[in-house]
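Residue numbering restarts at 1 for every chain, and letters A, B, ... go by the order of the sequence lines.
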Amino acid sequence: MTKVATRFAPSPTGHLHIGGARTAIFCWLLSRHFGGSFYLRIEDTDRERSRQEYTDSILASIKWLGLDLDREPVYQSERTELYNAAVDQLLAEGKAYWCSCSPEKVEAMREAARQNGQKPRYDGTCREKNVGPGPGHCVRLKAPLSGSVVFDDLVKGHMVFDVAELDDMIIRRADGMPTYNMAVVVDDSDMEITHVVRGDDHLSNTPRQILIYQALGKPLPVFGHVPMILGSDRQKLSKRHGAKAVIEYQNDGLLPQALVNYLARLGWSHGDQEIFSLEELVKHFDGKNLNSAAAAFDPAKLSWLNAHYMRGTPVPELAGLVAPFAEGLGLTGLAPQALEKIIPLYLERNSSLDELAASMRPLLVSADRLEALPSEGKGSISADGKKHLTALRERLEAAPMFDAAALGTLLHDFADTSGLKFKEFGPPLRLALTRVGGGPGLPEIMEALGKDESLKRVDVVLS
RNA sequence: GUCCUCAUCGUCUAGCCUGGCCCAGGACAACGGCCUUUCACGCCGUCGACGGGGGUUCAAAUCCCCCUGAGGACGCCA
């Protein structure tokens, strides 16, 4: 058995989005499962739409996801000679021919076919004419006129296409560049790709590509067409579904492992298991159990997974990961220890790094950078509240110990001796300390803040 | 229009190949409760699906046919 090789082949016309990322993950997983290789090929033959910044972005996203490559990325724009050699070979062998039909003329043929209820196709005008090269001439594959193309798809099963459905596709444009189907076949063949895993929007391209493989006399790879990812309303994925480019998830504070786990599990399953380490994914992902139905993207489940992975990350590492998000909130020059100290207080209350940074902010800024409290209404401290705070402040100032355990006892004692209920002084104290309604326990917050800062925050709202 | 693909809880899915163990299991979400001097976590529980119609069979989510619905392809785009 030859060594398994897979490839992910995006065109650099946008950032790596969620659908592409899943395809890349599947390809990578399949190669790793079989101890094979994984490659990246940039399909940039469309000079108009391809942009270097997107290539860079895709490469960065692949890396961030942790998908390592076994060779440098291949750029189709640099391989024109290879494609031309293949086209010339087919021409020389009589398996392809020059065509002088203008695009307008071909479009007219298609329109006519459509009118007749036929599949729009090229009618083969130049097939036997031997027109030869010339300005505006393209090259077409001389496809078989009858028979069928058969292959077994990893996810769709046994596929049969009647070649009568296909026409003589263009394999080299008038400008000398190969067309997509030609370049893909030449590349996959040259790169010795054994498993072509891609979106099922390519399913109907497959018989065309198989025709090219056959004309070239090259062995066929195994094909696997994974269904598309839909939005939560089962419509085509778009921004409003919260389905974004990988780089945006990164910017939102998602952990790559969460995204990989979520995406791997979308359209693939291993019994009832939901959480997979990378090792488990590699161990179980053998190209089977792929769902042939399209799956809807669910941001809530992704979020749940992210929370799970955040909690499993060691605090010092987490501190390094949230630091950039804290900086984004204007919290610069923070000591790593400052973050490490309060991360445990907020970790289980957040499901992304940016939320975590935002919720920790009140404990990380100085008292004067907290926003002012409203004087009345929601979020304000009543006159009674201030009175209770004044009394509590005295106890706090007199506290010999300022750790969470001692402060917990102090608050209980205060409730007992003052006859006040917790809800009469707890919420005002919380507002004074953090300006936020919920969060970690008051004792923990005060310990993290320290005595001076805690008293200062109380003083600010009392003055 | 032609060809192709797909169809289990709101969502991701198990089960389907090799019919009975499925009056359909798990997870996310939602809802309720417990824990908690807040919020959250955690725990317990509730709601909730085989698209429709025909067959085949003692028996169908599972096999066959039709319908419906959804998606894709039909480029000198990829």
**Request:** Take A:K423 and A:E43, find for each the nucleotide of RNA chain B with the closest heavy atom, and name the residue whose nucleotide sits nearer the 5' end.
**Result:** A:K423
**Request:** Nearest-nucleotide wise, let me know which of A:F425 and A:H158 is further upstream toward the 5' end of RNA chain B.
**Result:** A:H158
Heavy atoms from C-beta onward define the side chain here; which of [options] lies closest to that of [X]?
| X | options | value |
| --- | --- | --- |
| A:F161 | B:rC3, B:rG72, B:rC28 | B:rC3 |
| A:A296 | B:rC41, B:rU11, B:rC76 | B:rU11 |
| A:D201 | B:rG71, B:rU38, B:rA73 | B:rA73 |
| A:M228 | B:rU37, B:rG71, B:rA78 | B:rG71 |
| A:E348 | B:rA40, B:rA27, B:rG25 | B:rA40 |

Taking 4.0 Å as the cut-off, does a side-chain nitrogen or oxygen of [X] come that near to OP1 or OP2 on [N]?
| X | N | value |
| --- | --- | --- |
| A:R110 | B:rG75 | yes |
| A:S303 | B:rC28 | no |
| A:S269 | B:rA14 | yes |
| A:N291 | B:rU13 | yes |
| A:R173 | B:rA78 | yes |

**Item:** Rounded distance (Å) that lies between atom C1' of B:rU11 and atom CH2 of A:W304
**Value:** 13 Å
Ignoring hydrogens and angles, are the base of [N] and the side chain of [X] linked by a donor-acceptor pair under 3.5 Å?
| X | N | result |
| --- | --- | --- |
| A:N205 | B:rA78 | yes |
| A:D200 | B:rG72 | no |
| A:H412 | B:rU37 | yes |

**Lys/Arg N to Asp/Glu carboxylate O, A:D252 vs A:K244, below 4.0 Å** = yes
**Asked** Side chains of A:S359 and A:N350: do they bring a donor and an acceptor to under 3.5 Å?
**Response** yes
**Request:** Return the set of residues passing side chain to side chain contact (heavy atoms under 4.5 Å, CB included) with A:V87 (not counting sequence neighbours), or none when no residue passes.
**Result:** A:L91, A:V139, A:I171, A:R172, A:M182
Throw together a table of side-chain donor-acceptor distances under 3.5 angstrom for residues 418-445 of chain A, partners on residues two or more places apart or in other chains.
residue: A:S418; atom: OG; partner: A:F414; partner atom: O; Å: 2.6
residue: A:S418; atom: OG; partner: A:L420; partner atom: N; Å: 3.2
residue: A:E424; atom: OE1; partner: A:K421; partner atom: N; Å: 2.7
residue: A:R430; atom: NH1; partner: A:P440; partner atom: O; Å: 3.0
residue: A:R430; atom: NH2; partner: A:P440; partner atom: O; Å: 2.9
residue: A:T434; atom: OG1; partner: A:R430; partner atom: O; Å: 3.0
residue: A:T434; atom: OG1; partner: A:V436; partner atom: N; Å: 3.1
residue: A:T434; atom: OG1; partner: A:V436; partner atom: O; Å: 3.4
residue: A:R435; atom: NE; partner: A:E371; partner atom: O; Å: 2.6
residue: A:R435; atom: NH1; partner: A:L431; partner atom: O; Å: 3.1
residue: A:R435; atom: NH1; partner: A:A432; partner atom: O; Å: 2.9

**Message:** Tell me whether the NZ or CZ atom of A:K129 lies within the 45° cone about the ring axis of A:Y97 and under 6.0 Å from its centre.
**Reply:** no
